[in-house]
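Just so it is clear, the model here is predicted, and its values are computed rather than measured.
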Amino acid sequence: EYVSEIKFTPAAAKGSVTVKFEIDTTGLAGKSIVVYEKLYANGKQIAKHEDINSADQTVTVVSIKTKAYDKSTKGKSVAYGEKVTVTDTVTYTGLEPGKKYSLTGKLMDKGTKKAIKLISGGKNSKTDSNTVTITFVPKKADGTVDMNFVISTKDLSGKSLVAYEYLKLDNKVIAKHEDINSSDQTVTVPGVSTKATVDGKKKAKKSSNTVIAVSYTHLRAHETDQYL
């Protein structure tokens, strides 16, 4: 509960005043906050407005959560290639329908905690070397929007990539989702290394059996077929 109080002297019988509340919204993402008002004169309460279901008295703390995946496979393991698209589906709550919002995202290397280089963000986006920005106008307070990251995974073997997202209104950040350890925000690029031996040794003899041992990382069982 937060309490704010102002004192005023009305210039006319009808009018309005503004009461400001400074609150900590940590832990309140997606919550609805309802304002109650009481009016006093000479120390006595003369009016009040307390309606937990009043839309006019209610504000919602904006929240976003995201889920990243390979666009082509819908899986959490990203394909190897020069142009691969990682999609991050952003679920939002508490937006104002009809207003224009912008969403800026980047892909972080979990190991280095640095943003990776991007090729583009797909259609209807603005992209610099590390970030993608899209704009959208929600029809409802709650919904989803997709952010696309086009990247080359050729130098990212064995890496985990984490999507960070920032939601803005009037160029101000009103919600963000940046958790380097979030599994929902993470995709992985499989890594492969090999070691060749001949009958268990590094030197070959005539009529020897050659064995190539392949080690891999970041594959996901039953997600998709893998080939060598």
Side-chain angles (χ1 to χ4, degrees), residues 1-4 18-37 49-76 78 85-108 110 115 118 120-127 130-151 160-188 223:
E1 180 180 291
Y2 289 85
V3 177
S4 183
T18 300
V19 181
K20 294 183 179 181
F21 296 84
E22 292 187 4
I23 66 175
D24 180 4
T25 58
T26 303
L28 297 178
K31 297 288 187 180
S32 294
I33 299 173
V34 184
V35 178
Y36 281 12
E37 302 281 2
H49 191 193
E50 299 178 339
D51 181 357
I52 198 69
N53 297 311
S54 171
D56 287 339
Q57 290 177 267
T58 303
V59 294
T60 302
V61 181
V62 174
S63 70
I64 59 173
K65 58 181 180 179
T66 78
K67 187 174 183 179
Y69 52 91
D70 184 304
K71 184 177 181 180
S72 62
T73 66
K74 309 299 182 184
K76 300 292 280 183
V78 180
T85 301
V86 174
T87 297
D88 194 28
T89 296
V90 179
T91 301
Y92 56 81
T93 58
L95 302 192
E96 293 186 54
K99 286 200 171 184
K100 187 177 182 179
Y101 293 83
S102 68
L103 186 67
T104 298
K106 57 186 176 181
L107 286 179
M108 305 291 290
K110 185 174 182 178
L118 305 177
S120 74
K123 295 181 179 180
N124 303 317
S125 68
K126 293 181 179 180
T127 310
N130 299 114
T131 65
V132 175
T133 298
I134 61 173
T135 58
F136 67 101
V137 178
K139 294 181 179 180
K140 297 181 179 180
D142 305 337
T144 62
V145 62
D146 285 345
M147 170 76 75
N148 290 312
F149 303 93
V150 181
I151 62 174
S160 292
L161 309 178
V162 186
Y164 279 13
E165 301 285 359
Y166 306 87
L167 181 66
K168 296 180 181 180
L169 177 64
D170 298 329
N171 208 34
K172 294 181 179 179
V173 176
I174 58 173
K176 61 183 178 180
H177 196 196
E178 46 182 15
D179 180 357
I180 201 68
N181 295 312
S182 169
S183 59
D184 282 342
Q185 289 177 266
T186 302
V187 293
T188 56
E223 185 172 279

Would you tabulate the side-chain donor-acceptor contacts of residues 170-178 under 3.5 Å, counting partners in other chains and residues two or more places apart, or write 'none'?
residue	atom	partner	partner atom	Å
K176	NZ	E178	OE2	3.3
H177	ND1	T66	N	3.3
H177	NE2	Q185	OE1	3.1
E178	OE1	Y166	OH	2.5

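- Taking CG from D70 and OG1 from T85, the interatomic distance works out to 8.0 Å, rounded to the nearest 0.5 Å.
- Two residues are said to be in side-chain contact when any heavy atoms from C-beta on lie closer than 4.5 Å; I52 and Y36 meet this criterion.
- Side-chain polar atoms of S102 and T135 form no donor-acceptor pair below 3.5 angstrom.
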Yes or no on side-chain contact (heavy atoms from CB on, under 4.5 Å) for I151 and L161, after CA distance, side-chain angles and deciding distance? CA-CA 11 Å; I151 62 174; L161 309 178; 3.8 Å; yes
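- Between D179 and Y164, the closest heavy-atom pair is N-CE1, 3.6 Å.
- In this structure, CG on D88 lies 7.5 Å from CG on L107, to the nearest 0.5 angstrom.
- Contact annotation: the side chain of V19 approaches that of E37 to within less than 4.5 Å [non-hydrogen atoms, C-beta and beyond].
- Atom OG1 of T133 and atom CG of L103 lie 8.0 Å apart (nearest 0.5 Å).
- Defined by atom type and a distance below 3.5 Å, a donor-acceptor pair is missing between the side-chain atoms of T127 and S120.
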For residues 139-148, run the donor-acceptor check on the side chains, cut-off 3.5 Å, and write out each pair with its distance to 0.1 Å, sequence neighbours left out.
residue	atom	partner	partner atom	Å
D142	OD1	G94	N	3.0
D146	OD1	T89	OG1	2.8
N148	OD1	T87	OG1	2.6

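- Across E165 and G105, no two heavy atoms sit closer than the pair OE1-CA, 3.3 Å.
- V132 and S125 make their closest contact through CG1-CB, 3.9 Å (heavy atoms, listed as atom of the first residue, atom of the second, distance).
- F149 has its side chain out of reach of V187: every pair of non-hydrogen atoms, C-beta onward, lies at least 4.5 Å apart.
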Full working for side-chain contact (heavy atoms from CB on, under 4.5 Å) between L95 and L167: CA-CA 10 Å; L95 302 192; L167 181 66; 3.6 Å; yes
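- Separating the NZ atom in K76 from the OG atom in S183 is a distance of 6.5 Å, to the nearest 0.5 Å.
- Interatomic distance, M108 CE to S160 OG, rounded to the nearest 0.5 Å: 13.0 Å.
- Atom NZ of K110 and atom CG of N181 lie 5.0 Å apart (nearest 0.5 Å).
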